[in-house]
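The sequence lines fix the lettering, A, B, ..., with proteins before strands; numbering per chain opens at 1.
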Number of protein chains: 2
Amino acid sequence: MSQRITEEYLESIGTLEESESPVSTTAIAQSMGISLASVSEMVRRLSDKGLVEYTPYGGARLTDEGNKRYIRLTRRHRLWEVFLNKHLDIGWEDVYSDACALEHVTSDLVEEKLAEFLDNPDSCPHGNPIPGKDLKSVKTKGMALSRLETGQLARVLSVVNEYNVEFLRYLTSVGLTPGAIFRVIEKSSYDGTLTIEADGMTRAVGKEAATLIMVEPINE
Amino acid sequence: MSQRITEEYLESIGTLEESESPVSTTAIAQSMGISLASVSEMVRRLSDKGLVEYTPYGGARLTDEGNKRYIRLTRRHRLWEVFLNKHLDIGWEDVYSDACALEHVTSDLVEEKLAEFLDNPDSCPHGNPIPGKDLKSVKTKGMALSRLETGQLARVLSVVNEYNVEFLRYLTSVGLTPGAIFRVIEKSSYDGTLTIEADGMTRAVGKEAATLIMVEPINE
DNA sequence: TGAAAAGTCAAGGTATTCCTAATAATTATA
DNA sequence: TATAATTATTAGGAATACCTTGACTTTTCA
Ligand SMILES: [Mn+2]
Ligand SMILES: [Mn+2]
Ligand SMILES: [Mn+2]
Ligand SMILES: [Mn+2]
């Protein structure tokens, strides 16, 4: 089993586990754009290698070893994102795919030196936390924008969906980038659509989108 | 045919062509550590894809398209080497292998931004030229150290064998790094071994090693 | 509780990349 | 120039990672 393929599976499973665990093979197949049969086969192999725990009909879950590898990948991914964004001046909308390739060819040495060079940042351009050298799992802080009530003032902490270029472009256009402060002007009780004010401009944010934006309420 | 594998072949063939062209399948097999049969097969496929020109029993040679790809890889490789060496503070002995992996996952955008970030350097830490955006082929300047005569003062321009960590460490230890100035104290007429003086120290350099070091004579 | 939905798994295939062993072509040598 | 040595190619096979199809099992929920 090639390292690259193994890592793509770990990445997919690990990410999916963040919203629900264990992860069904169907979910993996969907997220990876691969057939169910292939995933079934590969998950079994990952299980043989001790990287995932797998019970038929019960889904897959990373073992400690698998999780460690997943966290290391996440660390490398986000360090590269910071480099691409801050030093190479590539927009936060576009850093994901390059980082996703670079992470797989990053040696321990480069990881360490890169972290030092970047001054050990603790979050990526999307606001998500960068695991430390200890590879302890870290969680995204905050609550979903969709759960805020009318009138609430809040700050954007992070964006969950890092790879959707269109979505990130949209967020940039409405001023909802990490660090931005905004107020909920109105929350539709009908379909949950929010009207927010950021940067002096009033914008609508759909409910779907609002669940992918993590925020921190500010008490006035 | 996977991009990664294709690129490793292009790299190997391109590098070998710098000393003799066309390149025999044996030479490729040796340089890549792969069986002769595999190379025969792969070279044929590269030929089908229009990347190499291949005549059975006659060896292989990159086509214009293959050469362009090879030069682009070289450019990316050496840009990464500069980054790793200058910014991440990784020794020139150790940058090769990381760069060799990074080069294959470098997008056009990253290549361009990286070059800008590095201020468009024109040579790698080993002194070898970095091709420009135009992908015109560039040649290493200078002559082999082994061809100098007794008494000659000279400057090290570059080292051909970038991936041999042991060799590079040895060069560091004898002070023969790019830019270093030295004098040939004696050249053995028996086996070509040279005695040189660099940094106030006198050292012996074997003939083999001396053919891999490119230098520029300094007239006094 | 019984049918629909979700998930598994085996069979049979393709493409890629590598291998060893056998064979063929070329080159060197006596 | 015939033969030996070297070099290169082909034949045949293994492993990996994917695929489709279809039969089967388990779970869900009306
Ligand atoms: Mn990736
Ligand atoms: Mn990110
Ligand atoms: Mn390479
Ligand atoms: Mn170099």
Can you list the steps and then say if A:Y70 with A:Y9 is a ring-ring contact (aromatic ring centres under 6.0 Å, His included)? CA-CA 9 Å; A:Y70 165 64; A:Y9 274 92; over 10 Å; no
Working for salt bridge (charged side-chain N to carboxylate O under 4.0 Å, His left out), residues B:R76 and B:D108: CA-CA 10 Å; B:R76 290 173 181 181; B:D108 291 353; 2.7 Å; yes
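In this model, the phosphate group of C:dG7 is approached by a side-chain N or O of A:T26 to a distance below 4.0 Å at OP1 or OP2.
Side-chain contact between B:R72 and B:E111 is present, with heavy atoms from C-beta onward closer than 4.5 Å. Within the 4.5 Å cutoff, the side chain of A:M214 has no heavy atoms near those of the A:L145 side chain. Residues B:L194 and B:R203 fail the side-chain proximity criterion, which asks for heavy atoms closer than 4.5 Å.
Counting to the nearest Å, the C1' atom of C:dT17 and the CD atom of A:Q3 are 18 Å from each other. With rounding to whole Å, B:E8 atom CD is found 16 Å from C:dT16 atom C1'. Between B:I28 atom CD1 and D:dT7 atom P the separation is 15 Å, expressed in whole Å. In this structure, A:R4 atom CZ and D:dC18 atom P are separated by 11 Å, rounded to whole Å. What separates CE of A:M42 from C1' of D:dA15 is a distance of 12 Å, to the nearest Å.
Counting non-hydrogen atoms under 4.0 angstrom, B:S40 reaches a base of the nucleic acid. Residue-level contact check: A:S35 touches the bases, meaning some heavy atom is under 4.0 Å from a base atom. Residue A:R44 is classed as a sugar-phosphate contact, given heavy-atom separations below 4.0 Å to backbone atoms only. Note on B:I34: only backbone sugar-phosphate atoms sit closer than 4.0 angstrom, heavy atoms only; bases stay farther off. As judged by a 4.0 angstrom heavy-atom cut-off over every strand, B:S2 is placed among residues touching the sugar-phosphate backbone only. Among the heavy atoms of the strands lying under 4.0 Å from B:L36 is at least one base atom, whether or not backbone atoms are also near.
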Which side-chain N or O atoms in residues 123-135 of chain B pair as donor and acceptor under 3.5 Å with protein atoms at least two apart or in another chain?
unit_1: B:H126; atom_1: ND1; unit_2: B:E81; atom_2: OE1; d: 3.1
unit_1: B:H126; atom_1: ND1; unit_2: B:E162; atom_2: OE1; d: 3.2
unit_1: B:H126; atom_1: NE2; unit_2: B:W92; atom_2: O; d: 2.9
unit_1: B:N128; atom_1: ND2; unit_2: B:T140; atom_2: OG1; d: 3.3
unit_1: B:D134; atom_1: OD1; unit_2: B:K136; atom_2: N; d: 3.1

In residues 30-52 of chain B, what donor-acceptor pairs under 3.5 Å come from side-chain atoms, sequence neighbours left out?
unit_1: B:S31; atom_1: OG; unit_2: B:S12; atom_2: OG; d: 2.7
unit_1: B:S31; atom_1: OG; unit_2: B:I28; atom_2: O; d: 3.4
unit_1: B:S35; atom_1: OG; unit_2: B:S38; atom_2: N; d: 3.2
unit_1: B:S35; atom_1: OG; unit_2: B:S38; atom_2: OG; d: 2.9
unit_1: B:E41; atom_1: OE2; unit_2: B:R45; atom_2: NH2; d: 2.8

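No hydrogens or angles were tested; on distance alone, a donor-acceptor pair under 3.5 Å links the side chain of B:E41 to the base of C:dC18.
Closest to the A:A37 side chain, of the nucleotides C:dC19, C:dA10, D:dC18, is C:dA10.
Looking at residues 45-60 of chain A, you'll see A:R45, A:Y57 sit with a heavy atom under 4.0 Å from some atom of DNA chain D.
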